[in-house]
Amino acid sequence: MVEYYQPTSLQEALKIRSENKVTPYAGGTDLMIEADENLCYLFLNKVCEMRGIYEDAEYIRIGAACTYEKILQSELVPQILKDAVSQIAAPAIRNLGTMGGNIGNGSAKADSALVCFALDAKLQLSSVSGSRLVDIDKFYLGRKKLDMAENELITEILIPKADFGRYSYFKVGARNALAISRVSFAGVLSLKDGRISNIACAFGAVADTVLRFKDLEKMFLGKTLAEASAIKQDFVSAYSQSIVPIRGRVSMEYRKAVCMNLLNEFLSQSDI
Amino acid sequence: MTMNIGGSVEKKDHAQKMSGKALYVGDYPLEGVLYGKLLHSSKARARIAEIRLPEIPEGYFVVDKNDVPGDNNVNIVKDDTPVFARETVEYIGDPILMVVGPDEAETERLLKAIEVVYEELPAVLNVRDFDTVFFEYDFGKGDIEKAFAEADKVYTEQFETGYQEQAYLETQGMIGEPQPDKMTVHGSMQCPYYVKGAVVRAMGSSPEGVQIKQDTTGGGFGGKEAFPSILACQVAVAAKKAGKPVRVIFDRREDMEFTSKRHPSLCTYKVAVKDGKITAMDIDVIFNGGAYTTLSAVVLQRGIICSSGVYKVDNLRVKGRAVKTNLVPSGAYRGFGAPQTFFAVEMIMDHIAFDLGLDPMQFKLDNAVKQGDATSTSGIYHFPVPLPEMVEKIDAASGYREKRLEYAIAQTGRYRRGVGSSMFFHGAGFTGSGERDHIKAVSKLHKYPDGSVEILVSNSDIGQGLKTTFSKIVAHELNLPYEKIIIENPDTDRVPDSGPTVASRSLMTVGELLRRAAIKLRESWVDGEDQIVEERFKEPDFLIPFYIDKFQGDAYPTYAWGVNVIEVEVDTLTGVSKILGAWGCFDVGTPVDLNVVLGQMEGGYLQGIGYASIEQMAADEKGRIRNNSFSDYIIPTSMDVPKLEVIMHVEKYPDGPYGAKGAGELPLVGAPGAYIGAMEQALRKPINKAPFSMDDTMKVLQGVKL
């Protein structure tokens, strides 16, 4: 029999987390594939504080144990995230799976994590001794390496309330359902007074972590679309040099080609 | 007798399966049953220098080749497949020994503690490097040299196909139960008498000393034709040694890595064309047989007999070889060698048509055989060949001709479309004289005093609906309610040998025996009496005898026919292809239960599309198959081909029940040709391999030579 805890409040969950060696279980759609009877699981699906979606002045706050299905039904969640979530796995898994689990699993193929990168989301990490906010890109330290202490839980995903303007989300899976991403792309671009005020291009499933190059994005910041178009080639070649995919279920060359194609397409659609 | 035989009824095993009462091998109580776990070779080829065992606790056993009471060779076609590995191992997965014990975790621990010292030997991992030919056949007709000399044009191309895993829902599993006077083995299987033959031999026992029972089986697709014979021998040997029941149920990884799959192929075609017609084909077929011969001989036979496709080729030379590699033995999978060669012949016909500026479907039709024409083996197509009518039907449903012209115009933009077609047949039943010379099927009906009738045959319902269709036939002839017909999972102590559940033969051949038996019973029916009638296979009179040594005569009594059209849309940014529609027109004679037939056609067609597109499996440089889970071996879901339309055409076969012909395998056979044909039109490049992945597509789009 597997050992487990099933707390109903965050306080209780954090206490268990601090006092025991437990594996947080938020949906479990990754964990149950490699179920290990020697582990002790901390089931988070009954923790009320982690199941809601609400907004405050700055953020849309998504509970880490909130299911994908609930995210799809929410009126607060931005469409780009819904686009990504709607293509995750299949209905049965979307009824169980959560963003907290997706992010906490540490994979660069996590579709909801990719969108978090593009939207500059933050994670709320909590423990018995308090809470801290971490930028999503700081949270991922490397392949399966996370900035998360043994006594911490991801409790919320915070998405800045902003007009994300034009966006593009594209997932290449091995098939049309129940497919792990082979390459994925999320891009957002917004203009203020005719100038690019925000741009984000994130690439999933091609390297150990999601790739986003903020230095390269700066090339476009503050530019008009016409000015951006003029330096598009430089922009694209800079990405071409920076994206170094790893080989996986598809070749490096394939990943590279698709990343560049999707980036180009996003720019074209954004009139660049 | 007015019931329409094609009308659909509740499946005979519906209630049992839906209620959960049906027992699969994994459902049997575990009390008193020992767990068996196999130690598989981790080297592709090696001499076993030493096996270091941990201390084996009481009640646990290690079982290997020295424990086999009879012959350590599994009775399949030839004698090379060992029950447990001999001095050398020949592929990664070769079963070296089995650890058996009462506690599963402890059994697993012991297994992991075993150390095998291997002396590695050179291994053949690429089919192109073969040095051992398991089987080689040659046949032909006409004057091929003359035809090539006189040809307007000669085309030579090579085609390659990959593995395909059966991916049945239920993995391989078997339980051996020693009885005082015999060994009983039951489990997941297609062919109880094949298993019996193998266990009798391995146990060195009399036929009475072995009983084989099929448990409810969760899919086979050919994967449970030969492999269960191996596993049954292993559990029987283990159960004998332990003196207790032993159960082995493979986990998915073990099943995917170490059990048989479709033969990868390499086919070279040289084709002569004169005045727009095919005049000669010179065909060289190589199948990757893997480490042991298992079923390669018969798979190759069907493959090469089909290699000239549905076409009239008066001058023909065919050479077929099944070669050894140090990889998992290849085996039976729906279509049995034919999907590989049909892919090759359909592609070269497409390429020739393209070169000649002709529509491929019309070009194929113009070259197709007609009733009375000779088969590849100089037999005769005795019955009408309905391809022209089927082409019209599928064109009306799919809009093929119009789309083909439309998509031929230069396409721009992100998405490019293509539409492809294929024509094919399935030679119904066993190849050649197998039924007459080897199988000699016997079927029985047992009427009980209460008027119920039990069907006694060795064919297994593996999901394809045999219990239902057999029962319908018998009920129909006896004018009995369907509910009065009893059919259980076969038990070799109770049923005669009506042959294996393979080759799309069961309904056509055994169903006809049951029909005749039912007529016999009807004519001798006495109310209240216990009666048994028996019917034996007789070869139809019209057949031209087949000689396997010459590949001459009627290889099959009749043929099921198919025409496929597939339409795709390729995303030029990602190389992903979307199937806009898949249409299949199939002639399997009279459908004995239309729902069952439609299920077979849709499922088989989807399997074929998977084979052509996303089902990638390959051995790595060490000979290990890495695609051993469903996240690494991708099979299609219902979301991948949302529009899949099946159109039935009925050309009755007089020697099948009510005109039925073999159905099960046909729908898989033509999918690769139609899918790749569509991809070629979208990409405007010839393609010579299947599956064709998004990675491959991207290379074409980038102008990389494949």
NZ or CZ of B:Arg262 within 45° of B:Tyr333 ring axis and under 6.0 Å: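 Yes, B:Arg262 and B:Tyr333 form such a contact.
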
B:Arg109 to B:Tyr35 six-membered ring, cation-pi geometry met (6.0 Å, 45°):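 No, a cation-pi geometry is absent between B:Arg109 and B:Tyr35.
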
Per-residue contact mode, A:Arg255 against chain B (heavy atom under 4.5 angstrom):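 Contact with chain B is absent: no heavy atom of A:Arg255 under 4.5 Å.
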
Select one option (side chain, backbone, both, neither) describing which atoms of [X] are under 4.5 Å from chain A's heavy atoms.
X: B:Ile635; result: both
X: B:Asn627; result: neither
X: B:Gln702; result: side chain
X: B:Ile614; result: side chain
X: B:Thr572; result: backbone
X: B:Arg626; result: neither

Best-contacting candidate, B:Met698, B:Lys578, B:Met694, against chain A by heavy atom pairs under 4.5 angstrom: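 Heavy-atom pairs under 4.5 Å are most numerous for B:Met694.
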
Contact leader toward chain A among B:Asp571, B:Val576, B:Ile634, B:Leu701, where contacts are heavy-atom pairs under 4.5 Å: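 Option with the greatest count: B:Ile634.
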
Spatial distance of atom OG (A:Ser270) from atom OH (A:Tyr167) [nearest 0.5 Å]: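 One finds 12.5 Å between OG of A:Ser270 and OH of A:Tyr167.
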
Sub-6.0 Å ring centroid separation between A:Tyr41 and A:Tyr25: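 They qualify: ring centres under 6.0 Å apart.
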
Candidate list B:Glu615, B:Glu165, B:Gln616, test side chain to side chain donor-acceptor pair (under 3.5 Å), partner B:Tyr633, passing option: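 Only one option passes, and that is B:Glu615.
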
Winner by heavy-atom pair count (cut-off under 4.5 Å) against chain B, out of A:Val172, A:Asn176, A:Leu178: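 Of A:Val172, A:Asn176, A:Leu178, A:Asn176 has the most heavy-atom pairs under 4.5 Å with chain B.
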
A:Gln6 side chain near A:Asn45 side chain, heavy-atom distance below 4.5 Å: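 Counting from C-beta outward, A:Gln6 and A:Asn45 do come under 4.5 Å.
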
Note, B:Met256 side chain near B:Phe630 side chain (heavy atom, < 4.5 Å):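 The answer is yes, as the side chains (C-beta and beyond) meet within the 4.5 Å cut-off.
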
